[in-house]
Amino acid sequence: MSPAPTPDQAVPPLVLDEQALNKLRELDPSGRSGVLQRVLQTYDGSLARLMAQFAQARSGSDRPALRHVAHTLYSSSASIGALAFAQSCKAVEQHVRDADPGDIEAKLDLMAQESQRVAAAVRAMLGKPSQPA
């Protein structure tokens with residue numbers, strides 16, 4: 001059995017941007033303070049909580065709640081390098097903010113799919129098993 005990955009190991013491409021992760025690593029060059037791991041642990045918990053809110057808001061067609069979740073996840077996701085997910089969050093937030101009458105379902109689907117990819121990548125970096133969707 002392979003040892004669990006550490007936060008300093010490479011991340012699958014196109015999920016988390018290595019440059020963003022390197023910026024976080026620069027905050028703790030020796031790694032002794034565990035800054036990257038703490039940031040990822042905090043993000044992991046936040047992502048799970050916010051995606052539960054997303055599911056509830058989506059099922060209830062609660063656009064203000066969808067906007068809040070998308071806005072919150074946009075900035076935190078960008079900071080850890082989850083750029084595709086951040087963009088999907090931004091698209092949902094913009095759609096709701098602009099009161100776009102067009103169909104939002106495809107954007108919500110993409111946001112949900114990207115959240116699963118990001119959650120799996122973050123959990124892999126933390127050495128945690130992936131949780132079912």
Side-chain angles (χ1 to χ4, degrees):
M1 186 171 193
S2 301
T6 67
D8 291 323
Q9 290 179 327
V11 179
L14 304 175
V15 178
L16 300 180
D17 180 70
E18 196 63 36
Q19 287 181 319
L21 293 173
N22 285 337
K23 286 181 183 179
L24 290 171
R25 287 181 184 109
E26 289 172 6
L27 298 173
D28 180 22
S30 70
R32 281 183 257 178
S33 297
V35 170
L36 179 59
Q37 184 163 2
R38 286 186 297 152
V39 167
L40 292 176
Q41 286 174 335
T42 300
Y43 179 85
D44 184 47
S46 177
L47 179 61
R49 181 179 46 79
L50 287 164
M51 288 310 294
Q53 290 176 15
F54 169 85
Q56 185 175 14
R58 186 176 187 181
S59 69
S61 299
D62 184 346
R63 287 185 171 230
L66 285 171
R67 181 178 175 210
H68 169 74
V69 168
H71 174 78
T72 303
L73 284 170
Y74 168 68
S75 57
S76 62
S77 298
S79 72
I80 66 153
L83 304 180
F85 181 47
Q87 287 306 309
S88 69
C89 293
K90 183 178 180 181
V92 167
E93 180 185 13
Q94 190 72 43
H95 187 105
V96 175
R97 181 184 18 235
D98 293 346
D100 187 338
D103 186 23
I104 194 173
E105 289 304 312
K107 291 175 182 157
L108 297 175
D109 288 344
L110 180 61
M111 185 173 157
Q113 291 165 1
E114 286 296 322
S115 76
Q116 291 175 0
R117 290 184 43 192
V118 169
V122 168
R123 294 183 70 73
M125 288 186 70
L126 291 171
K128 295 180 178 181
S130 291
Q131 295 176 334

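These values consider heavy atoms only, across backbone and side chains, with no hydrogens, waters or symmetry-generated copies. All values reported here derive from a predicted model rather than from experimental measurement. Quick note: residue numbers are just sequence positions, from 1.
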Verify same cluster id: [X], [Y] (apolar side-chain graph, 4.5 Å):
X   : Y    : result
L24 : L47  : yes
V15 : L126 : yes
M51 : L110 : no
Y74 : F85  : no

Quiz item: Would you find a donor on one side and an acceptor on the other, under 3.5 Å apart, between the side chain of S115 and the backbone of A112?
Solution: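 Between the backbone of A112 and the side chain of S115 there is a qualifying donor-acceptor contact (under 3.5 Å).
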Notebook entry, point to check: Is the backbone of T42 close enough, under 3.5 Å, to the side chain of S46 for a donor and an acceptor to pair up by distance?
Noted result: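 Not at all, since once roles are kept as given, no pair shorter than 3.5 Å links the two residues.
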Do NZ/NE/NH1/NH2 and the carboxylate oxygens of K90 and E93 come within less than 4.0 Å?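 No, K90 and E93 are not salt-bridged.
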#### Entry: D98/R67 ion pair, N-O < 4.0 Å
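The answer is no: the pair does not qualify as a salt bridge.
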With side-chain contact (heavy atoms from CB on, under 4.5 Å) as the test, would you mind laying out the steps for H95 and L66 before giving the verdict? CA-CA 10 Å; H95 187 105; L66 285 171; over 6 Å; no
Separation of [Y] [atom2] from [X] [atom1] (nearest 0.5 Å):
X   : Y    : atom1 : atom2 : result
Q41 : R123 : CD    : CZ    : 10.5 Å
L50 : S76  : CG    : OG    : 7.0 Å
K23 : E26  : NZ    : CD    : 8.0 Å
S79 : L21  : OG    : CG    : 10.0 Å
L16 : S77  : CG    : OG    : 9.5 Å
I80 : S75  : CD1   : OG    : 11.0 Å

Considering all heavy atoms of both residues, which atom of [X] and which atom of [Y] are nearest to each other, and what is their separation?
X    : Y    : value
A84  : E114 : CB-OE1, 3.6 Å
A91  : K107 : O-CD, 4.0 Å
I104 : V96  : CD1-CG2, 3.8 Å
A20  : A78  : CB-O, 4.4 Å
A82  : V118 : CB-CG2, 3.7 Å

R38 and S33: side-chain contact (heavy atoms from CB on, under 4.5 Å), yes or no, with the steps? CA-CA 9 Å; R38 286 186 297 152; S33 297; 4.2 Å; yes
**OP:** Take D100 and R63 through the test salt bridge (charged side-chain N to carboxylate O under 4.0 Å, His left out) and record every step on the way to the result.
**Re:** CA-CA 11 Å; D100 187 338; R63 287 185 171 230; over 6 Å; no
Q19, CD: over 12 other non-hydrogen atoms inside 6.0 angstrom |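 Not buried by this count: 12 neighbours or fewer within 6.0 Å.
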Yes or no on side-chain contact (heavy atoms from CB on, under 4.5 Å) for L36 and M125, after CA distance, side-chain angles and deciding distance?
-> CA-CA 10 Å; L36 179 59; M125 288 186 70; 4.2 Å; yes
Problem - Sub-4.5 Å side-chain heavy-atom contact between V69 and M111 - result: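 Yes. Closest side-chain heavy atoms under 4.5 Å.
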